[in-house]
Amino acid sequence: MRNKFIPISIILIVLFGLAVAGYVSPEKKEKIPVRVLFKNSGGKVIFNHIRHHRDYEIPCEKCHHERKTSDDEPLPCGSCHPESFDKDYVREHIRSFPDTSYCVQCHHAELGKLNFDHAAHEEYADEDCQACHHGNDIEKEPQKCGNCHTNSGTSEIPSVRDAAHDRCIDCHDEMFEAGLKGCTPCHKMQNMKDYSGDFTACGQCHQENDKDLVLNRTNAFHDQCMDCHKKLQRGPYKESDCSKCHLK
Ligand code: HEC
Ligand code: HEC
Ligand code: HEC
Ligand code: HEC
Ligand code: HEC
Ligand code: HEC
Ligand code: HEC
Ligand code: HEC
Ligand code: HEC
Ligand code: HEC
């Protein structure tokens, strides 16, 4: 008779074990700070992180816009929006990212093959090689511009970019007037999806307002915090609201 109870006991023990295991090992929870303290010259800001997410029901991706999957650990904003894009940043930033897929968020374009029909241009220039090449005081024989003109140039010898463009512009001013939209007749662009080469400084292509291409740290915070508050008409965003975030 007693044997009857053995299978039932085993089932009960197993069920109990499962219940305990489920209780002890919680479902995978995201690591999220409760509050974030910013110390800055405007007076420190205490940001109630958990309240924004849980009570105001704002999804992570709304603020951590660099996240690709919900398993990604969000990066500090300063990895991408530093105080300034100076030499230190250029040196350090390369190590701020978990993998290289982040790079192309900013390094979004690279030049590909030069699209230039040399033979046709000899004709367009009426066989006058010096429409583009130097006379033999500089170039003994016509050759690639990059043999003497470097990427950054010097005070005497302009960069390859400026040297070549200077010649092409004689007949193609309309392409250069089109600014960044005028590059593609001459430069095929790389497909950045599976790009794996070196990165070109932004300023090689963007010659003006280089500094404003990515928001700096303060503007990144001000814009993100204030834009949302303003859109929802909740939370501080007015000119007179500084002290609602910045405590003395
Ligand atoms: C309302 C905007 C907002 C929401 C929503 C939000 N966060 Fe944040 N989170 C921030 C800000 C701002 C910081 C501070 C980042 C810094 O100091 O660079 C931060 C910091 C963090 C950090 C620390 C990162 C570090 O190393 O500095 C983690 C981790 C994090 N958040 C995870 C999450 C997760 C996970 C969610 C969703 C469950 C979430 N956050 C939702 C704005 C937000
Ligand atoms: C991996 C790099 C990266 C991280 C980390 C990052 N950003 Fe950005 N952020 C960018 C890039 C790149 C742009 C420009 C995107 C564009 O122009 O579409 C941008 C644009 C913005 C903008 C402009 C408006 C918008 O949403 O497009 C704001 C505001 C901003 N970021 C705030 C933040 C804040 C605050 C954090 C931290 C919570 C943060 N960013 C973290 C790369 C990053
Ligand atoms: C948030 C934007 C951003 C992200 C993300 C980013 N970079 Fe940059 N990177 C810059 C800026 C801005 C510069 C300065 C360019 C300039 O001076 O014109 C730069 C400069 C560089 C330079 C120097 C280029 C030169 O010739 O001066 C290299 C190399 C570079 N980045 C590599 C990387 C790599 C590798 C990654 C990914 C691991 C990466 N970057 C991610 C913005 C970014
Ligand atoms: C419209 C401008 C232009 C004219 C006219 C021109 N060239 Fe060129 N040539 C170039 C450019 C630009 C390059 C570099 C192309 C490159 O880097 O792929 C070049 C490169 C060359 C090269 C090196 C090719 C190589 O692959 O190493 C030779 C040789 C050359 N040109 C000869 C001539 C001769 C000879 C004439 C006159 C009959 C002439 N070019 C007329 C623009 C021109
Ligand atoms: C053998 C070396 C050499 C080669 C190859 C060369 N350059 Fe130059 N280039 C120079 C030197 C040196 C200077 C500066 C001296 C001067 O200003 O005359 C210069 C200056 C220039 C300048 C500014 C002064 C001017 O002449 O208008 C332009 C534009 C230029 N090169 C365009 C080109 C182009 C386009 C090519 C290729 C088709 C090319 N160069 C190939 C050596 C070279
Ligand atoms: C002497 C005048 C002249 C010079 C200098 C010149 N080109 Fe051209 N180019 C022409 C002519 C003419 C055509 C054919 C008609 C047209 O499409 O405008 C042409 C056509 C082109 C095209 C095809 C146009 C299209 O819309 O697809 C490209 C690309 C090009 N040139 C590149 C260059 C480059 C690069 C340089 C400088 C190294 C250069 N050209 C210098 C006269 C010139
Ligand atoms: C009329 C044709 C033409 C147009 C338009 C043009 N380029 Fe170029 N570009 C050239 C030629 C030719 C070279 C020299 C290539 C060589 O000899 O390696 C060059 C070189 C460069 C270089 C340096 C070499 C390199 O591969 O990094 C940069 C950067 C560059 N161009 C950027 C631009 C940008 C950005 C635009 C649009 C604003 C543009 N170019 C428009 C013809 C053109
Ligand atoms: C190889 C050339 C090239 C390089 C390098 C480059 N860009 Fe651009 N960028 C472009 C072109 C071309 C456009 C215009 C795209 C369009 O209008 O379709 C553009 C557009 C932009 C825009 C949109 C606003 C504007 O000015 O038109 C931003 C922001 C930007 N780039 C940021 C960057 C940053 C940051 C870097 C360096 C980390 C960078 N770019 C490097 C070619 C380049
Ligand atoms: C995506 C929207 C959104 C973003 C981004 C956001 N907030 Fe808020 N914030 C809210 C909402 C909604 C409230 C609720 C206001 C209420 O209920 O009165 C709020 C309230 C606040 C308040 C007042 C009440 C409280 O909860 O402390 C402060 C201070 C505040 N936010 C600071 C910030 C800071 C600092 C940032 C940037 C780091 C930020 N917020 C980013 C939506 C946002
Ligand atoms: C919604 C909250 C919020 C409001 C409102 C706000 N700020 Fe900020 N402010 C921040 C945050 C977050 C930072 C980023 C702190 C950091 O860089 O660590 C910041 C940064 C700054 C800085 C940068 C200091 C430094 O060290 O570079 C100054 C200055 C500043 N704010 C002044 C102001 C002024 C003036 C106002 C009113 C017109 C204002 N802020 C309104 C949240 C706010």
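The chain is numbered in sequence order, starting from 1. Just follow the structure's listing: the first ligand is 1, and inside any ligand the first atom is 1.
Those atoms of ligand 2 that come under 4.0 Å of a heavy atom in Leu215, given as number and element, are 22 (C), 23 (C), 28 (C), 29 (C). Near Asp223, the atoms of ligand 2 lying under 4.0 angstrom from a non-hydrogen atom of the residue are 29 (C).
The shortest N or O to N or O distance between Thr100 and ligand 3 is not below 3.5 Å. For the pair Ser79 and ligand 2, the shortest N or O to N or O distance does not fall below 3.5 Å. Considering both main-chain and side-chain atoms, His107 never comes within under 3.5 Å of ligand 8 through any nitrogen or oxygen pair.
Atom 8 (Fe) of ligand 2 has an N, O or S atom of His65 inside 2.8 Å of it. Put simply, His93 gets within reach of atom 8 (Fe) of ligand 3, with an N, O or S atom under 2.8 Å from it. Not one N, O or S atom of Cys205 sits under 2.8 Å from atom 8 (Fe) of ligand 8. Contact annotation: Cys106 places no N, O or S atom under 2.8 Å from atom 8 (Fe) of ligand 3. With 2.8 Å as the limit, Cys202 does not count as an N, O or S neighbour of atom 8 (Fe) of ligand 8.
The protein heavy atom nearest to atom 35 (C) of ligand 2 is Gln224 OE1, 3.0 Å. Scanning all protein heavy atoms for the shortest distance to atom 36 (C) of ligand 2 gives Cys77 SG, 3.0 Å.
The SG atom of Cys80 lies 8.0 Å from the CZ atom of Phe85; values are rounded to the nearest 0.5 Å.
For atom 21 (C) of ligand 2, a protein heavy-atom neighbour is found at a distance under 4.0 Å. Taking a distance limit of 4.0 Å, we find that atom 27 (O) of ligand 2 is approached by no protein heavy atom.
Taking a cutoff of 4.0 Å between a charged side-chain nitrogen and a carboxylate oxygen, Asp88 and Arg91 qualify as a salt bridge.
Ligand 8 does not have Gln204 within reach: every non-hydrogen atom of the residue lies 4.0 Å or more from it. Note on ligand 2: Pro76 sits in its first shell, one or more heavy atoms being nearer than 4.0 Å. Contact analysis leaves Val214 out of contact with ligand 2, as no non-hydrogen atom separation drops below 4.0 angstrom.
Considering each of His81, Met226, His222, Arg217, the one bringing a non-hydrogen atom nearest atom 6 (C) of ligand 2 is His81.
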